[in-house]
Amino acid sequence: MAYSDAITQELNMSKTEEQTYRLFDMIVIPIVVIVLGAAFHLHYMLTAGDWDFWVDWKDRLYWPLISSVSFVIFAGAVQGLLWKLIRMPIGMTVAAIGLVAMEWASRYVNFYMWAYFPLSEVWPATWIAAAIFVDCILMITGSFLMTALFGAFFLPTIFVLSNYPMLAPFRIPVEVMGTEVTVADWVGFTFQRGGSPEYLRIIESAGMRVLGAETWFISCLFGGFLSIFIYMMWWGISGVAARPYSRVNPFAAYMGGDEPDDKDDKITVDAYPLPIGNAK
Amino acid sequence: MMKDIRNTVQASAMSVGHQSRFALLMMAAITLMTFLPADMAWGHGERMHSPALRMRSIQFYDVTWTGAGDMKVGDQVTMEGKIYFPGKEYWPNTMKAPDVGYLQTSGPAAVFAKVESYISETPMVQSGGLKLGSTYSFKVVMQARVPGKWHMHPTVQLTGSGPIVGPGEWTNVTGAMGDASISGEAGRDKEVIIDDLGTYSLDVIFGWHTVWFVMGFIWLLWWVKRPTLLPRYRAVQEGVDKDLLITKADKRVGITVLLVTVVLVIGGALNADSTHNTVLPLQTGNVPLEPLPLENSQLVVKGLKSIYNVPKRAMSLEMRVTNNGDQPVTVGEFATAGIRFVMDPATLGGAAGDALAKSIDGYPKEYIRDVLTVEDGNTSAILPGETRVVNLVAADAVWEIQNLSEIVLSPVRRAGGLVFFFAEDGTRYRQYIDAATDVAYN
């Protein structure tokens, strides 16, 4: 881990400053990853939970669609925040690693150790490949619009393809009591969920057989289309969060400062205001 | 004026100090509480459904458990029995018609694995359509997975209504988790041998997750190996040369990581596609379920009224019975919410008494009460052509134990259940009754 680089030299930082800032990195970065991961996990489980919890919910139609929309809300905002504040194209990867790590912790402790569901039923999908892809597109293009069009659009596609090697063994046929189903269906049947019967699954059951009935293709296409707009919206919202706001310390008088008056009792934008859009 | 404000602020600051200490103590107390030993929650809410719902919806009867009791991991328990859906005129209007239902069990999570399940001999891998006013047989075979003392109920899940839980039986499973597994053959030509469904394909899952975690950490480490947060924040604000923020080396590494990612993603998917020559979408959809044939009963039974006596913990059921058959019949049992109130088989005598005794043999003792009486003491058979008003009384603490006495406070004060009559030759006739419930306090 370096203390100094071209940026610190350009800013004429002293050695002490560099070391202090590096210590700050080492303390804050792990905390940020854990807190973001926990918050993202909560959000993702509340919005796309069942599709990620259970192997027999990972269908062709809803799983890519709902997962992408849920993922891009949080990951897009984190990416926008880190890009605008520190010009680092790693926000989506940070969010994805935090999310998937928290998912594994939850599946192992809550689902496996506590409720005895086998890991073959409750393994989480990975988002890291899709996140790296979008982060790299942002770094190469340096443009949030290009990232939306050529990165966010491919989120569901990369998501499905990167999870397919794990999912395919669960999609082979198996005969259960004389009925041919997939191994995933068999897993869900065998290790039953008390409050979630088979009919409760929101999965592909029918649909228009247009476009050659290529359900994966259609759901990834539509999911990508939605992801573009949701990514843009949350990138914009992250711009609001990237503007540091503050108010005068009401306890200033007890710290040797002046008593704040009514005029000071309002929230103001600090120095270094950032543009909402893509900073230079 | 200024002094007043300052005093207020000082008082407020002191108050904040007290609150902080209180909050700290609370946090410490709550943290310590997490170390207290927690006992296992054995129940799973089967008694907490509304009494009117349990007594007036699905009636489980003739339920048997084969293999329950002391078991080892890998042993199987088979639950069999019948489920009766009251007709549309009796079905609670708070529940939807059972157009889609699913057979499973209620118990603590996946401590048992479901091996087989059937409704009327139709496999219940998927859900099926059920009809009001019909009777179905069911069978569920469960294999013990986790050692412990578990309560096992057959349960029918209904769309729009949720689970209706049948009577349960205790199992005491010994051994170790992993002593047994669920195995099978999969694939188009059954070429994939699955030794343990619970650990199936985990090597592939762990492998790919590891690959992507490694890739993600490589990408992150490339960036955070340099001074990260505050120096870059200052650089962005002070508008340093943007080539310092994203260098050419960054772009080279970024393009390399992007290419490796795309190659791994596409290569992995193509490899998986070629390895598994037949893949199917998840299978769902309704299966048709045929009810059992109607019973040839010549009895006409109408529930007139019921009264729950709070201090006596007794439910009385007044009903009018018309015997249009050619054999005398005697009341032997009233069953509701999985609880069976039966008469002394000796009262019925002969083949009828034997049939009653046989029907309750092996049923969990907590659900059997031989307390059923006729209020006027007239237990004589109802003769062919006779119409008689019979007032059954079932007095037992089980009404409170099973929370059915909550009917007193229920927004729907109606009781329902199955009344079983026995002919002299031992033939059993089943009738459903439903009656408004009054409450008596003395």
Side-chain angles (χ1 to χ4, degrees), chain A residues 1-2 5-8 10-11 21-22 24-25 56 59-60 85-88 90 93 97 115-120 123 126 128-129 132-133 136 139-140 158 161-162 164-166 168-169 171-174 176-179 181-183 185 187 189-192 194 197-199 203-205 272, chain B residues 100 102 104 106 109-111 113-114 116 123 125-127 146 157 159 182 184 186-187 197-202 204-205 208-209 212 215-216 219-220 223-237 240 244-245 254 257-258 261 265 268-269 272 276 278-284:
Chain A
M1 292 291 171
D5 71 347
I7 293 172
T8 59
E10 176 75 13
L11 294 171
Y21 286 169
R22 203 63 185 134
F24 183 80
D25 283 348
D56 60 336
D59 73 323
R60 300 188 300 185
L85 288 177
I86 57 176
R87 195 65 88 250
M88 274 199 167
I90 57 169
T93 310
I97 285 179
Y116 307 114
F117 289 111
L119 287 175
S120 63
W123 55 272
T126 185
I128 299 172
I132 294 172
F133 178 84
C136 288
M139 189 214 61
I140 293 165
I158 303 281
L161 290 176
S162 62
Y164 192 70
M166 296 184 275
R171 288 303 181 78
I172 59 176
V174 64
V176 180
M177 296 183 293
T179 306
V181 293
T182 67
V183 173
D185 293 310
V187 170
F189 168 82
T190 303
F191 308 108
Q192 57 176 358
E198 187 276 333
Y199 60 75
I203 58 170
E204 175 195 9
S205 55
Y272 296 142
Chain B
V100 180
Y102 186 64
Q104 59 182 169
S106 286
V111 295
K114 191 164 59 183
E116 294 175 40
V125 187
Q126 284 125 19
S127 306
V146 181
Q157 296 267 5
T159 181
I182 301 290
L197 194 60
T199 57
Y200 170 66
S201 200
L202 285 186
V204 177
I205 292 163
W208 276 103
H209 268 283
W212 291 118
M215 283 291 292
W219 180 237
L220 292 192
W223 290 94
V224 301
K225 71 186 174 72
R226 289 166 282 175
T228 305
L229 297 174
L230 294 175
R232 292 184 71 91
Y233 178 66
R234 274 183 55 184
V236 171
Q237 304 306 331
V240 302
L244 288 177
L245 290 162
V257 168
L258 179 66
T261 300
V265 165
H276 305 93
T278 302
V279 290
L280 302 176
L282 295 174
Q283 297 296 297
T284 184

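We use all heavy atoms of the structure for the numbers below, so side chains are in, but hydrogens, waters and symmetry mates are not. The sequence lines fix the lettering, A, B, ..., with proteins before strands; numbering per chain opens at 1.
- B:Gln157 and B:Gln104 share a side-chain donor-acceptor pair at under 3.5 Å.
- Residue with the most contacts toward chain A among B:Leu202, B:Leu197, B:Val279: B:Leu197 (heavy-atom pairs, distance under 4.5 Å).
- Interface check for chain B: of the options A:Ala115, A:Ala168, A:Pro165, the most heavy-atom pairs under 4.5 Å are formed by A:Pro165.
- The heavy-atom pair separating B:Pro231 from B:Pro227 by the smallest distance is CG-CB, 3.8 Å.
- Between A:Arg171 and A:Tyr164, every side-chain heavy-atom pair lies at or beyond the 4.5 Å cut-off.
- The greatest number of non-hydrogen atom pairs below 4.5 Å with chain B, out of A:Ile172, A:Val183, A:Thr93, A:Val174, is found for A:Ile172.
- Most heavy-atom pairs under 4.5 Å with chain A, from the set B:Thr199, B:Leu230, B:Val204: that is B:Leu230.
- Nearest heavy atoms, B:Arg232 versus B:Leu245: NH2-O, 2.8 Å.
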Under the side-chain contact (heavy atoms from CB on, under 4.5 Å) criterion, do A:Met139 and B:Trp223 qualify, and how do the steps go?
CA-CA 12 Å; A:Met139 189 214 61; B:Trp223 290 94; 3.9 Å; yes

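- In terms of non-hydrogen atom pairs under 4.5 Å with chain A, the most contact-rich of B:Gly184, B:Gly268, B:Ala110 is B:Ala110.
- Both cation-pi conditions hold for B:Lys114 and A:Phe189: the charged atom is under 6.0 angstrom from the six-membered ring centre and inside a 45 degree cone around its axis.
- Using a 4.5 Å cut-off between heavy atoms, B:Val240 contacts chain A through its side chain alone, with no backbone atom that close.
- With a 4.5 angstrom heavy-atom cutoff, B:Thr278 touches chain A via backbone and side-chain atoms both.
- In plain terms, the two heavy atoms of B:Val257 and B:Met215 that are nearest each other are O-CE, 4.0 Å.
- The choice from B:Leu229, B:Leu244, B:Val265, B:Leu282 that makes the most heavy-atom pairs within less than 4.5 Å of chain A is B:Leu282.
- Ranking B:Thr261, B:Val111, B:Thr159 against chain A, the residue ahead of the rest is B:Thr159, based on heavy-atom pairs under 4.5 Å.
- Between chain A and the options B:Ala235, B:Gly187, B:Gly254, the largest number of non-hydrogen pairs under 4.5 Å is found for B:Gly187.
- Of the two parts of A:Ile203, only the side chain, counted from C-beta on, holds a non-hydrogen atom closer than 4.5 Å to a non-hydrogen atom of chain B.
- Looking at heavy atoms from C-beta onward, A:Cys136 lies in side-chain contact with B:Trp219 at the 4.5 angstrom threshold.
- Contacts of A:Thr179 with chain B are made by side-chain atoms alone, with heavy-atom separations under 4.5 Å and no backbone atom involved.
- Among all heavy-atom pairs drawn from A:Glu198 and B:Thr284, the shortest one is OE2-OG1, 3.1 Å.
- Looking at A:Thr190, both its backbone and its side chain come within 4.5 Å of chain B, counting heavy atoms on both sides.
- Using a 4.5 Å cut-off between heavy atoms, B:Val100 contacts chain A through both its backbone and its side chain.
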